[in-house]
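Here the structure is laid out as structure tokens; the discussion comes afterwards.
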Amino acid sequence: MTDTSNVARLSEPLKFAYWVPNVSGGLVVSTIEQRTGWDFDYNKKLARIAEESGFEYALTQTRYAASYGADKQHEATSFSLALLAATERLKVIAAVHPGMWHPGVLAKYIITADHISNGRSAVNIVSGWLKSEFTNFGLEWLEHDERYVRTEEFINVLRGLWTEQEYSQSGKYYNITDFTLNPAPVDVPGRAHPEIFFGGNSTAAQATAGRVADWYFSNGKDLEGFKENIAGVVASAGEARRGTPGQLAAPRFGLNGFVIARDSEKEARDTLREIVQKAHKPAVQGFRDAVQEAGASTKDGKGMWADSTFEDLIQYNDGFKTQLIGTPEQIAERIVEYKKIGVNLFLTCYLHFQEEVAAFGRDILPIVRELEADLARKNGTELDLSSTPVAAEAVAV
């Protein structure tokens, strides 16, 4: 059994998100059947299923050029806004690249989305790994660690414009002078501004997240691997005095995982085996070649995908590594083991999104809540479900 970390928030229930499949080809680069659509009608129904199934967030992917077999892509911010308009409770996170957006323009866009959705808009800042997307657009491509310098300035501009009047910032990449955005974001109790998610596995990414992100996202990791990432972020946050009076709240942690829930562990493992056997090898290899820069270019070799095998990359955010594979009970137990080390949110993906998101809410989430309640009581506290959406008894698909 996993020891419980001092950063684990045992009274707070885990949150769940799903990857929005706004790119073609599903979430695995395989010719296996995937009953998942990338069109808006499919995604609108999926979003409604998700919010009725106990999910709090959805993350819309950002991609401009064809990669990992996804030859068609919808733009993330506009797709997110459409999903916000089609739902009532779901928070939708739009992924964006610094270098393709000016932070002031994005800040204004998200404020508008926030008002349209009554305070449910969020962003995921992606520093960028696909060099050709930038260079073929004629945009400057920065080396690995320098991308995080720009990202940190970008996030500071967002937060400053969302929270201050006549905001100014002087930096290497962005200079803002006495600027005020009106209206401000929606005033949501317990939320300082639209949430800022940020991802990356490298040492530079962990340091940046610790200083400025509300949420740190990671590609799939085993327990020991994510413990290391959490420790890096926590150390950086401590140096920045986060969580102390007058400073930013301490960051929370999200982890990617590909869910294969079946009636038996054998059936789940057989499904994984079929995914791997039917991998689209040229597409996976092309993706592997493209992402080598992300990990190999770091000084310590700890960037994203640095240690990913060919099999790992079939799920292009390393979702198999998290091992959410087996029966609902096994998956729920695995999820709570991650909570013990400090995970606050799971970002999930599936072969057949509509059916399997509904099944997650029906079959897995109730077990997770029981295990969380037991864990809290054993550690002298109670699980507070007062603000958590309750999964419906059954969701029509």
Side-chain angles (χ1 to χ4, degrees), residues 18-39 42 46 59 61 63 65-73 129-130 201 218-226 255-292 294-296 304-335 338 346-360 363-364 397:
Y18 72 92
W19 282 98
V20 174
N22 59 303
V23 302
S24 61
L27 269 288
V28 292
V29 189
S30 174
T31 60
I32 192 172
E33 180 189 19
Q34 297 184 71
R35 295 189 296 276
T36 291
W38 67 284
D39 59 283
Y42 180 93
L46 172 59
L59 173 61
Q61 303 172 70
R63 188 61 52 233
S67 58
Y68 50 74
D71 61 343
K72 300 179 180 66
Q73 313 87 23
W129 54 265
L130 189 55
N201 283 8
S218 172
N219 275 2
K221 286 275 189 181
D222 61 21
L223 284 158
E224 290 302 317
F226 200 50
L255 180 64
N256 180 61
F258 192 87
V259 179
I260 306 177
R262 300 294 185 266
D263 291 337
S264 69
E265 182 179 7
K266 181 182 183 302
E267 186 181 354
R269 294 289 170 187
D270 286 347
T271 299
L272 175 61
R273 190 173 300 109
E274 183 182 1
I275 292 170
V276 173
Q277 289 173 345
K278 294 181 176 180
H280 189 305
K281 293 182 180 178
V284 177
Q285 188 57 53
F287 176 61
R288 188 179 193 177
D289 293 343
V291 302
Q292 291 307 302
M304 293 226 287
W305 302 292
D307 60 353
S308 299
T309 66
F310 181 91
E311 179 177 317
D312 293 329
L313 293 173
I314 296 168
Q315 201 297 296
Y316 42 81
N317 287 103
D318 283 340
F320 300 151
K321 287 184 178 181
T322 310
Q323 289 292 303
L324 303 184
I325 300 166
T327 65
E329 292 80 7
Q330 289 173 317
I331 292 170
E333 289 168 358
R334 179 78 170 171
I335 285 170
Y338 276 101
F346 277 90
L347 175 59
T348 60
C349 44
Y350 311 83
L351 278 181
H352 316 301
F353 268 74
Q354 289 182 358
E355 301 99 304
E356 294 189 78
V357 162
F360 188 98
D363 301 332
I364 298 174
V397 178

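Between Thr271 and Ile32, the closest heavy-atom pair is O-CD1, 4.3 Å. The shortest non-hydrogen separation linking Lys221 to Tyr338 is O-OH, 2.5 Å. Closest non-hydrogen pair, Glu355 versus Arg35, comes out as OE2-NE, 2.8 Å. Taking all atoms of both residues into account, the shortest heavy-atom contact from Leu27 to Phe258 is CB-CE1, 4.4 Å. Contact record, His352 with Glu33: CE1-O, 3.2 Å, taken as the closest heavy-atom pair. In terms of heavy atoms, Glu267 sits closest to Asp263 at OE1-N, 3.6 Å.
Not counting sequence neighbours, Trp19 has no partner by the ring-ring contact (aromatic ring centres under 6.0 Å, His included) test. The salt bridge (Lys or Arg N to Asp or Glu O under 4.0 Å) test applied to Asp39 returns no partner, not counting sequence neighbours.
Checking side-chain atoms of Arg334 against main-chain N and O of Ile325 turns up no donor-acceptor pair under 3.5 Å. Distance alone, capped at 3.5 Å, places no donor-acceptor pair between the Gln73 side chain and the Asn22 backbone. Checked by atom type and distance alone, the side chain of Ser30 pairs as donor or acceptor with a backbone atom of Lys278 at under 3.5 Å. Counting only distance, with no hydrogens or angles, the side chain of Gln315 and the backbone of Asp312 share no donor-acceptor pair below 3.5 Å.
Here the straight-line distance linking atom CD1 of Ile364 with atom CD of Gln330 works out to 10.5 Å at 0.5 Å rounding. We find the NE2-OG1 distance between His280 and Thr31 to be 8.0 Å, quoted to the nearest 0.5 Å. Distance check: Ile275 CD1 to Glu311 CD gives 9.5 Å after rounding to the nearest 0.5 Å. Distance check: Thr327 OG1 to Ile260 CD1 gives 13.0 Å after rounding to the nearest 0.5 Å. Atom CG in Leu347 sits 8.5 Å away from atom CG in Leu255 (nearest 0.5 Å). In this structure, CD on Gln34 lies 8.5 Å from CZ on Phe353, to the nearest 0.5 angstrom.
Side-chain atoms of Asn256 and Asn219 include no donor-acceptor pair closer than 3.5 Å.
Side-chain contact between Asp222 and Gln323 is absent, with no heavy-atom pair separated by less than 4.5 Å. Within the 4.5 Å cutoff, side-chain heavy atoms of Leu46 are placed close to those of Pro21. At a threshold of 4.5 Å between non-hydrogen side-chain atoms, the residues Phe226 and Thr322 do not count as touching.
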Could you go step by step and tell me if Tyr350 and Phe360 meet the side chain to side chain contact (heavy atoms under 4.5 Å, CB included) rule? CA-CA 10 Å; Tyr350 311 83; Phe360 188 98; 3.6 Å; yes
Step by step, would you call Leu130 with Arg63 a side chain to side chain contact (heavy atoms under 4.5 Å, CB included)? CA-CA 9 Å; Leu130 189 55; Arg63 188 61 52 233; 4.2 Å; yes
Going through the distances and angles, do Leu313 and Val29 end up as a side chain to side chain contact (heavy atoms under 4.5 Å, CB included)? CA-CA 8 Å; Leu313 293 173; Val29 189; over 6 Å; no
